[in-house]
Amino acid sequence: MSGIQIYDSHQGALSTFEPLQAGRVGMYVCGPTVYSHVHLGNVRTFLSFDLIFRYLKYRDYTVRYVRNITDAGHLVDDADEGEDKVAKRAKLEQIEPMEVVQKYTVNFHDVMRAFNALPPSIEPTATGHIVEQIAMTQQLLANGWAYEANGSVYFDVEAYSQKHPYGELSGRNTEEMMSGSRDLDGQSDKRSPLDFALWKKASEAHIMRWASPWGEGFPGWHLECSAMSTKYLGEEFDIHGGGMDLKFPHHECEIAQNKGAHHHGGARYWMHANMLTLNGKRMSKSTGNTLLPEEVLSGDSPHLSKAYSASVARFFIHQAQYRSVLDFSDEALQASEKGHQRLMNAFTTLSQRANHGPKEGQFDVEAWQNRCLDAMNNDFNSPILIAHLFDAVRAIQADHQDPGHLGQMGATALLSHLKAWMFDVLGLQTDAASGAAGASSQKALDAAMAIVLDARRKAREQKDWAASDAIRDQLAAGGIQVKDGAEGSTYSIQE
RNA sequence: GGUCUCGUGGCCGAGUGGCUAGGCAAGGCUCUGCAAAAGCUUGUACAGCGGUUCGAAUCCGCUCGAGACCUCCA
């Protein structure tokens with residue numbers, strides 16, 4: 001077991017993780033734009049970083065995890081008249097922009113809670129940090145990396161690239177990008193198509209607007225993350241994460257803004273979570289190739305044969321490493337469900353183990369624990385960790401036959417480690433803990449109740465009232481109320 | 001078109017120069033009144049072609065295929 005290795009996508013290589021301050025980690029992750037429901041692909045990214053957050057905590061780091069909510073400034077496209085995503089949605093749904101934000105923020109939080117993602121330390125919103133964004137824009141203007149044009153302020157990529165390597169993160173250079181970009185149509189205030197907005201003037205119709213030194217407007221999308229990461233984590237901090245698709249332009253622009261305003265590019269380690277594909281194509285809100293987390297929990301989707309618990313979905317996601325593309329399918333999820341069940345069963349077996357057998361066992365729990373740590377230290381390789389958990393499953397089963405396999409001390413140690421890996425690090429939940437299992441529990445209860453009610457019906461037919469009433473009373477004592485009607489008996493659960 | 005990533009057994013998915021990944025499915029066995037569950041066990045896969053090497057899924061080249069990004073996207 002050694003230190004944690006992180007794949008830094010800026011360097012394109014594994015790098016030993018050394019936090020700026022010993023024992024402390026500052027981590028920023030780009031959160032959702034709350035203009036519609038998060039889909040399962042979004043969820044994968046947030047669960048990937050949740051795993052990292054959980055593992056860092058497990059390793060006793062004090063982590064400040066900042067994940068923003070983008071509630072303004074994210075445009076539908078880059079045209080000057082591009083609509084704000086939130087404002088567009090507000091028009092469509094005929095509600096206030098902040099109602100859109102509230103609605104989908106609540107949805108996002110519900111989903112994160114259902115999937116057992118820990119809340120971040122700070123969850124700042126773009127609209128709550130207009131002041132900081134204006135200040136950063138002013139700093140960039142003062143440093144000569146930005147210019148004002150007609151009430152908007154743009155980042156001057158050409159000027160910046162004279163002194164800094166714009167494109168360093170995504171491996172591009174400005175000439176290539178110029179040749180690939182479309183020409184300005186003469187309508188733009190930009191000097192170059194590569195320039196991006198720090199502050200945009202609000203047109204008459206634009207409803208989300210704030211006062212600024214350049215008139216009424218709204219902040220550019222890339223700016224919020226620079227402003228908020230700096231505010232809460234400092235000009236230089238440890239980890240910046242986000243989806244692979246944000247690498248360019250979003251993260252590239254962040255680096256440019258940070259270097260232009262301060263002297264650091266912000267994060268020391270850049271981490272990019274890969275996509276979740278559906279039918280071999282990336283999930284995307286705009287193409288409609290999506291699956292909602294709620295659909296996984298309800299099974300209500302043409303892509304699914306049944307409902308799955310959030311813990312099973314989480315297990316499925318962590319069975320692939322965060323940097324790999326993961327293809328979603330019902331078949332793959334079913335496989336995960338079986339494996340998840342086996343793991344849970346073994347855990348139950350171990351937790352109910354009688355205190356018997358020799359003190360010392362044959363299974364080397366410490367060596368096993370070190371293998372688990374090695375797996376996670378190697379760029380959070382959760383599939384390897386899970387493979388090791390199944391080694392533990394086999395050991396638990398062997399011990400079940402022969403208590404000398406683990407021994408009393410080994411069993412105690414393994415239980416404590418296994419519990420931490422499964423629930424604290426991987427964030428799995430037992431069926432009882434995750435309410436999402438409601439559908440299958442309900443089905444099981446229905447089956448059981450059908451038998452009970454049928455037995456009671458027979459008793460009633462034979463006028464065996466003692467038996468019939470005993471069933472009803474005992475069910476009532478257990479919180480189940482029996483209701484006799486003309487069409488037979490039904491039941492309901494008393495809250 | 002440019003930049004980059006990937007192609008592993010029926011499915012999902014690790015590995016990145018020699019040593020069993022793992023899960024699911026499948027076959028066999030044990031247990032079992034039947035069934036289920038559970039356990040044990042088997043399987044030799046790395047897109048194709050060429051090269052480097054004592055040795056390659058792993059390195060290099062080419063071919064084919066897939067995907068991502070190139071100012072909407074986790």
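Within every chain, numbering begins at 1; the chains are lettered A, B, ... in the order of the sequence lines, protein sequences first and strands thereafter.
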Not counting sequence neighbours, which residues clear salt bridge (Lys or Arg N to Asp or Glu O under 4.0 Å) with [X]? List them please.
X       : result
E168(A) : K259(A)
E123(A) : R67(A)
D454(A) : R457(A), K458(A)

Can you list the residues that meet the ring-ring contact (aromatic ring centres under 6.0 Å, His included) rule with H222(A), with sequence neighbours excluded?
->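 If we apply the ring-ring contact (aromatic ring centres under 6.0 Å, His included) test to H222(A), skipping adjacent residues, the hits are F196(A), H250(A).
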Flag the pair [X] / [Y] as yes when their ring centroid distance falls below 6.0 Å, and as no otherwise.
X       : Y       : value
F17(A)  : Y7(A)   : no
H164(A) : W145(A) : yes
Y269(A) : H240(A) : no
F46(A)  : F108(A) : yes

[X] vs [N]: side-chain N/O to OP1/OP2 distance below 4.0 Å:
X       : N       : answer
R342(A) : rA37(B) : no
S329(A) : rC11(B) : no
N381(A) : rG15(B) : yes
R323(A) : rU5(B)  : no

Once you apply the 3.5 Å cut-off to both distances, tell me the Watson-Crick or G-U wobble partner of [N], or none.
N       : answer
rA21(B) : none
rU3(B)  : rA68(B)
rA35(B) : none
rA47(B) : rU63(B)
rG55(B) : none

Between [N] and [M], how many Å separate the two [atom1] atoms, rounded to a whole number?
N       : M       : atom1 : value
rC60(B) : rG17(B) : P     : 11 Å
rA45(B) : rA36(B) : P     : 33 Å
rC31(B) : rC24(B) : P     : 23 Å
rU52(B) : rA25(B) : P     : 45 Å
rA56(B) : rG27(B) : C1'   : 31 Å
rG65(B) : rA47(B) : P     : 16 Å
rA38(B) : rC70(B) : P     : 46 Å
rC46(B) : rU8(B)  : C1'   : 4 Å

Give G171(A) one of three labels, base, sugar-phosphate or nothing, depending on what nucleic acid heavy atoms sit under 4.0 Å from its own.
-> sugar-phosphate
Reckon H340(A) touches a base, only the sugar-phosphate, or nothing at all at heavy-atom distances under 4.0 Å?
->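 Nothing, no nucleic acid heavy atom in range.
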Starting from [atom2] on [N], measure out to [atom1] on [X] and report it in whole angstrom.
X       : N       : atom1 : atom2 : value
N378(A) : rG22(B) : CG    : C1'   : 16 Å
F115(A) : rA74(B) : CZ    : C1'   : 14 Å
L385(A) : rG15(B) : CG    : P     : 13 Å
F196(A) : rC72(B) : CZ    : P     : 14 Å
D391(A) : rG23(B) : CG    : C1'   : 12 Å
R371(A) : rG15(B) : CZ    : C1'   : 16 Å
K247(A) : rC72(B) : NZ    : C1'   : 20 Å

Ignoring the backbone of [X], work out which of [options] is nearest its side chain.
X       : options                   : value
P383(A) : rC40(B), rG13(B), rC70(B) : rG13(B)
R394(A) : rA74(B), rA38(B), rG22(B) : rG22(B)
L194(A) : rU71(B), rC24(B), rG13(B) : rU71(B)
M283(A) : rC11(B), rA14(B), rA74(B) : rA74(B)
E331(A) : rC70(B), rG15(B), rC11(B) : rC11(B)

Would you kindly check if the NZ (Lys) or CZ (Arg) of R191(A) is within the cone defined by 45 degrees around the ring axis of Y147(A) and under 6.0 Å from the six-membered ring centre?
->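 Yes, a cation-pi geometry holds between R191(A) and Y147(A).
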Ring-face cation contact, Y232(A) with R64(A), 6.0 Å cut, 45° max =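 Ring-cation test returns no.
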Of Q319(A) and F248(A), whose closest RNA chain B nucleotide lies nearer the 5' terminus?
->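 The residue closer to the strand's 5' end, by nearest nucleotide, is Q319(A).
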Could you check Q321(A) against A387(A) and say which one's nearest nucleotide on RNA chain B is further toward the 5' end?
->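 Closest to the 5' end, via its nearest nucleotide, is Q321(A).
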List every contact pair, protein side and nucleotides 25-36 of chain B side both N or O, where the distance is under 3.5 Å.
unit_1: rA25(B); atom_1: OP1; unit_2: K338(A); atom_2: NZ; d: 2.9

Ion pair D374(A)/R371(A), N-O distance below 4.0 Å = no
Salt bridge present between R268(A) and D8(A) (N-O < 4.0 angstrom) |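 No, this pair does not count.
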Below 3.5 Å is the cut-off: list the nitrogen or oxygen pairs between protein and nucleotides 66-68 of chain B, distance only.
unit_1: rG67(B); atom_1: OP1; unit_2: K281(A); atom_2: NZ; d: 2.7

